[in-house]
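Worksheet: one structure, shown below.
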Amino acid sequence: MKNAGPIIAAGIMKIGMLKVLAFKALALLVGKALLVSKLAFLLAAIIGLKKLFSQSKHVTYEVVAHPHHSHSAVESHGHGDSYSSGWGRSGDVAQNLAYRGHLQ
C-alpha cells in the first residue's frame, strides 16, 4: 500500500483535467451560440432597415373563401337550417355529439 499514494494522486489529477476540458467545451458551445445569435440579429436588422428605407409600395390581398350555397336545391324537412339539403343535423343532436363525454 506504500505505492498507492501516487496512483490516487494521478486519478484525482485526471478527474480535475476532465473537469477543465468539460468547462472548455461548454465555453466553446456558449461562444458559438452567442455568435450565431449576433449573426441572426444582424441579418434581421439589415432586412428591417432595407424594408424601412425602401420606396416601393407592396400591396397585399387576402383571399377569403366563402361557402357556396345553392338555393335551387334547398329542401326543407322540418328540422335543421334552411340551407341544409336533408343531410344536416338539428342543433340538439350536434350538441349531444359534441359534449357526449361531459354528459356522463
Side-chain angles (χ1 to χ4, degrees):
M1 282 304 219
K2 291 182 181 181
N3 295 335
I7 295 174
I8 293 174
I12 292 173
M13 287 178 59
K14 184 177 180 181
I15 291 172
M17 191 63 125
L18 287 175
K19 286 182 183 179
V20 170
L21 287 175
F23 183 74
K24 284 186 178 183
L26 182 64
L28 182 67
L29 188 64
V30 168
K32 183 179 174 183
L34 186 63
L35 182 67
V36 169
S37 68
K38 284 182 181 181
L39 183 63
F41 178 73
L42 180 67
L43 287 173
I46 289 171
I47 291 171
L49 288 173
K50 186 177 177 183
K51 285 188 177 186
L52 182 67
F53 292 117
S54 67
Q55 296 295 326
S56 63
K57 286 191 173 184
H58 297 283
V59 179
T60 59
Y61 297 97
E62 181 179 357
V63 177
V64 179
H66 295 285
H68 178 71
H69 298 289
S70 173
H71 295 287
S72 63
V74 173
E75 297 178 19
S76 179
H77 293 283
H79 64 281
D81 58 358
S82 63
Y83 290 109
S84 67
S85 60
W87 295 101
R89 293 188 173 123
S90 67
D92 294 335
V93 174
Q95 184 77 13
N96 289 338
L97 284 174
Y99 295 102
R100 184 181 301 170
H102 296 289
L103 294 175
Q104 296 175 357

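Taking the side-chain contact (heavy atoms from CB on, under 4.5 Å) definition, one finds that V63 meets it with nothing, sequence neighbours left out. Among residues two or more places apart in sequence or in another chain, the side-chain contact (heavy atoms from CB on, under 4.5 Å) test is passed with L35 by none.
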Could you list the donor-acceptor pairs under 3.5 angstrom formed between side-chain atoms of residues 18-33 and any protein atom two or more places apart in sequence or on another chain?
none

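Within the hydrophobic cluster formed by Ile, Leu, Val, Met, Phe, Trp and Tyr side chains joined at under 4.5 Å, directly or through other members, I8 is accompanied by I12. Cluster partners of L52, by chain and number: L49, F53. The rule joins Ile, Leu, Val, Met, Phe, Trp and Tyr whenever side-chain heavy atoms lie under 4.5 Å apart. Side-chain contacts under 4.5 Å among hydrophobic residues (ILVMFWY), followed directly or transitively, place I46 together with L42.
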